[in-house]
2 protein chains.
Amino acid sequence: MEITAKFTAEQIAAAKRYAAMTPPTAIDPRIEALVTDLIGRVADKWTMVILEILAEKKTLRFGKLAEAIGTISQKMLTQTLRTMERDGLITREVYPVVPPKVEYQLTELGFTLGTAFCGVWVWAAENLSRVDQSRQAFDRRTSEASQ
Amino acid sequence: MEITAKFTAEQIAAAKRYAAMTPPTAIDPRIEALVTDLIGRVADKWTMVILEILAEKKTLRFGKLAEAIGTISQKMLTQTLRTMERDGLITREVYPVVPPKVEYQLTELGFTLGTAFCGVWVWAAENLSRVDQSRQAFDRRTSEASQ
DNA sequence: TTCTATACTTACCAAACGGAGAGTGTAGCC
DNA sequence: GGCTACACTCTCCGTTTGGTAAGTATAGAA
């Protein structure tokens, strides 16, 4: 699988270890709510993309990051980076020069989150065509049904 | 401006191993876009919760599912379930009785996705307090800075 | 003096999200 | 005849999201 080249063998092994664990049952609902909330914030499109790019490129300036992502607006990039910094996923180093220079890096926390997401990424890559086929079949069924 | 938190020697070593093991790879951007898109759709709050509940309870009717989730609106539940069915994550079995009876189950695809997400779930549970501390520190820093 | 580079920041606006609440269909019970 | 159960389905409407475009700050080059 091509996509797995993005991750180290180590990361993939870690993801598989996680995956082998049975999902936790009976959990304190307050904790559960917090975890769900955290996942909700962390699991958005741009956060994942940035996590992935920074895992690969190590250190990037704002502009280079924007370039690497390709389609993101400045506003969203700033916003996402700020949130990630607040959550402790990345570090933001400002050089007091003109024109400004700011470098972003993953923290260890960000790195481990990337590792955890690795499992989802691999799943998505492996099952892309299956999902696609399922969607097509579904759409065919529903359009027939509506006639 | 605050400057970076430093990595431990261990983390730096890990990062170096990681760097050594990860040659820059070129992935078909179309595949990448599709995967990102797929993850984006699949990684939303309700999908994850439903995945989790169905993994545990195996088979549930619409009403019981709503009850198990607790806070979801009918509209969102219907919508999320329909999308998941389209993506091949769940099956929807309709019994032609009155009043209606509909049962939902995970497919194998849905089950494996739940498994993949388990890693993120575990990460979130393990790092909840670290993220929380990071946020508090960040908020303290920024409120100081704005005075 | 004017222009350039860079990382934002702000204002504005359209689209999407998502909740509340009412409506739908119908077999069987009272 | 009227009521109930269940799984939707639809409408209205406030909130959130996210894009575009313009503005900010300032050292150094031309």
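Lettering follows sequence order; numbering is per chain, from 1.
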Inset, instruction - Report which part of the nucleic acid Y104(A) touches: base, sugar-phosphate, or nothing (heavy-atom distance under 4.0 Å, all strands). - result: sugar-phosphate

Inset, instruction - Output yes when at least one side-chain N/O atom of R82(B) is less than 4.0 Å from OP1 or OP2 of dT9(D), else no. - result: yes

Inset, instruction - Answer yes or no: does a side-chain N or O of R61(A) lie under 4.0 Å from OP1 or OP2 of dA7(C)? - result: yes

From [atom1] of [X] over to [atom2] of [N], roughly how many Å is that when rounded to an integer?
X       : N       : atom1 : atom2 : value
E103(B) : dC6(D)  : CD    : C1'   : 13 Å
M76(B)  : dA7(D)  : CE    : C1'   : 17 Å
L60(A)  : dA7(C)  : CG    : P     : 11 Å
F62(A)  : dA7(C)  : CZ    : C1'   : 6 Å
L77(B)  : dA7(D)  : CG    : P     : 10 Å
D44(A)  : dA16(C) : CG    : P     : 18 Å
W46(A)  : dT17(D) : CH2   : P     : 15 Å
Q79(A)  : dA7(C)  : CD    : P     : 18 Å

Measure the [atom1]-[atom2] distance between [X] and [Y] for me, rounded to the nearest 0.5 Å.
X       : Y       : atom1 : atom2 : result
R130(B) : W123(B) : CZ    : CH2   : 8.5 Å
L51(A)  : M48(A)  : CG    : CE    : 9.0 Å
C118(B) : E52(B)  : SG    : CD    : 9.5 Å

Inset, instruction - Could you pick out which residue, P99(A) or I72(A), lies toward the 5' side of DNA chain D when each is mapped onto its nearest nucleotide? - result: I72(A)

Inset, instruction - Return the orientation label for the F62(B) and Y104(B) ring planes: parallel under 30°, perpendicular over 60°, tilted otherwise. - result: tilted

Inset, instruction - Map K75(B) and T78(A) onto DNA chain C by nearest heavy atom, then report which one ends up closer to the 5' terminus. - result: T78(A)

Inset, instruction - On DNA chain C, check which nucleotide each of T71(B) and K101(A) is closest to and give me the residue with the more 5' one. - result: K101(A)

Legend entry - Residue V98(A), side-chain heavy atoms: nucleotide from dG25(C), dA7(C), dA27(D) that is nearest: dA27(D)

Inset, instruction - Select one nucleotide: of dA27(C), dG19(D), dA22(D), the one nearest the side-chain heavy atoms of S73(A). - result: dG19(D)

Legend entry - Check: T107(B) side chain, G88(B) main-chain N or O, donor-acceptor pair, under 3.5 Å: yes

